[in-house]
Amino acid sequence: IYTCHTPVPAGHDYFDEELLGKYLGHIPGRLGISWHDFISLGRENPESNEKFSMSVFALNTCQEANGVSLLHGRVSQEMFAPVWKGFFPEELHVGYVTNGVHLPTWASAEWQELYTKHFGKDFLKKQTEEATWAKIQQLPNETIWETHQAIKLRLVEHIRSFYGEKWLHNSGDPETTVSILEGINPNALLIGFGRRFATYKRAHLLFTDLERLERIVNNPKYPVQFLFTGKAHPADGGGQGLIKHILEISRLPQFLGKIIFLENYDMRLASKLIAGVDIWMNTPTRPLEASGTSGEKAEMNGVLNLSVLDGWWYEGYRKGAGWALTDKRTFADQSLQDKLDATTIYDLLEKEIVPLYFQRDGKPYSDGWVQTMKNSMNFIAPHYTMRRMMDDYYERFYTKLAERSARLHADSNRIARELTEWKRSTAEAWDSMQVVSVECSESAAYISNERHTGDEETVRLVLDKGALTSDLEVELVDAREDAQGRLRFVAKTALTLVERNGSREVYELRFKQARPGHYKRALRILPSHPELPHRMDFALVRWVALQ
Ligand SMILES: *Cc1c(COP(=O)(O)O)cnc(C)c1O
């Protein structure tokens, strides 16, 4: 199984043939294949001189493939479509398992204690069930708040002691440092942002309109503070520029102590931060966040997510359990999209998040806020644990692959040998197959809005299979053009083999038009074998036009 982890091009390696030859020149000989066959496994177009792609090579040598969230599974299908010509992206076998995080590592000790006490001693075994987490709804709001607030205080103390010393040591300005440290307010709405500073993560988004941001962080009645942290790849100048930009903003007088950048982001700081803030913010460029995991860590600590509907949050978001930047409107122009998304964040903060957080009604906490925390722990957290992820891998891939492997290897690899021999002879004879004739009733070739549905149509295909002995699947495929002019798969219907005479075969379909609308139609012929795991495993395809 090949698990693809990102749609970002920098995450996919490509190598020149020459370089590959220097290090892997001996490999084809060991496998008993030619250099050309070997290098073709890493090319979308085997006869080209494209660079060798590790991802294409993985796809061609793996039985199964998956993305790391529902949305990323779809994005991967699009991205990998050129590897399997003759199929629509949505037909590909590329599936998905949404990433999850390891609860015993990422939930704070305080929360784990509370879970064990109230969910039951064996709660780790039942951590993927909403029913387990539903018990959070019965706990007093005060208990939830006090648990969270204790962790938040610990974070503030960590920043004061650990960073205080560093900043004092590094800066020539102790006065400013002290005022930042004293300004960190455990009663403020604390919003965290921490991750790799890859440019697609848009760490700069919050700083699109500085005047508006200034009003949000300088409201004396409703204090709001931001903690930023992260590292850029040493070769990513863009990402490093972003860090510099945020540092500069954090030193402006109006943002001093309100926007705080913490250096040396690592797992230890991450675990303090994702548990100690009130909100965890994520603002990637859609649809480039394959999954994201830091927001999942926040979930199991009662920290609410404010995030773009991308990656795991696209499927994880529930109303009343966090906040989402809508995916309804999208602009092709990225700077327009950035402006819209930034405005949405300011609006959400001003109109929903800040008022909810500070609606105290004489208590030290907001009942509405704590209810949102409870909802997020009840309805979201159980679905993003490592345990759920492992369950999915077993259910969707591992068990199936283990059983298939055992079948193929039984009897000294009997089925593997048969299948290999069948593939070899079928590939060799494929081009000797000829279409003798295609006939169809006048209007079977297409459907248009003007036509009535319900009329009986026929399609008849006569083939001369030549040297080909393999069984075939013949199907009528409907497709439609989407708004971008790309063809999309709609449906397929199998034709029946009605006559066989030597190498001559006749396939037929009688059907009623069922869907009004504009569709394109054609016939598709594929080789068929009961031991093929899926069509992409042996992707020979012949398309036949209807007219
Ligand atoms: C969880 C984690 C990440 C991943 O963060 P995303 O926001 O999902 O990109 C990166 N770095 C560290 C140190 C982490 O703990």
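For ligands, and for the atoms within them, numbers begin at 1 and follow the listed sequence.
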Enquirer: Which atoms of ligand 1 have any heavy atom of Trp106 under 4.0 Å away?
Expert: 15 (O)
Enquirer: For ligand 1, note which part of Phe193 has a heavy atom under 4.0 Å away: side chain, backbone, both or neither.
Expert: neither
Enquirer: Should the pair Arg396 and Tyr398 be classed as cation-pi, given the thresholds of under 6.0 Å to the six-membered ring centre and 45° from the axis?
Expert: no
Enquirer: Looking only at non-hydrogen atoms, which of Trp312, Trp280, Tyr265 approaches atom 10 (C) of ligand 1 most closely?
Expert: Tyr265
Enquirer: Asn375 and Gln371: side-chain donor and acceptor closer than 3.5 Å?
Expert: yes
Enquirer: What do you reckon, does Lys201 put a non-hydrogen atom under 4.0 Å from ligand 1?
Expert: yes
Enquirer: Looking only at heavy atoms, is any part of Ala270 under 4.0 Å from ligand 1, and if so is it the side chain, the backbone, or both, or is it neither?
Expert: side chain
Enquirer: Counting heavy atoms only, which part of Arg196 comes closer than 4.0 Å to ligand 1: side chain, backbone, both or neither?
Expert: neither
Enquirer: For residues Asn218 and Gln254, is any side-chain donor paired with an opposing acceptor at under 3.5 Å?
Expert: no
Enquirer: Show me which atoms of ligand 1 lie under 4.0 Å from any heavy atom of Asp266.
Expert: 13 (C)
Enquirer: Classify the angle between the aromatic ring planes of Phe52 and Phe57 as parallel (below 30°), tilted (30 to 60°) or perpendicular (above 60°).
Expert: tilted
Enquirer: Are the side chains of Thr283 and Ile345 in contact, using a 4.5 Å heavy-atom criterion?
Expert: yes
Enquirer: Would you indicate which of Ser294, Gly194, Ser307 comes nearest to atom 7 (O) of ligand 1 when only heavy atoms are counted?
Expert: Ser294
Enquirer: For atom 8 (O) of ligand 1, grab the closest protein heavy atom and report residue, atom and distance to one decimal in Å.
Expert: Thr293 N, 2.6 Å
Enquirer: Using heavy-atom distances only, which candidate in Lys297, Glu296, Met267, Met281 approaches atom 14 (C) of ligand 1 most closely?
Expert: Lys297
Enquirer: For ligand 1, note which part of Asn282 has a heavy atom under 4.0 Å away: side chain, backbone, both or neither.
Expert: neither
Enquirer: Fit a plane to each ring of Phe162 and His158, take the angle between them on a 0 to 90° scale, and name the class: parallel (under 30°), tilted (30 to 60°) or perpendicular (over 60°).
Expert: parallel
Enquirer: Hey, what do you get for CD (Gln137) to CG (Leu139), rounding to the nearest 0.5 Å?
Expert: 9.5 Å
Enquirer: Just which atoms of ligand 1 are under 4.0 Å from any heavy atom in Gly292?
Expert: 8 (O)
Enquirer: Quick one: CG on Asp310 to CH2 on Trp313, what's the gap to the nearest 0.5 Å?
Expert: 13.0 Å
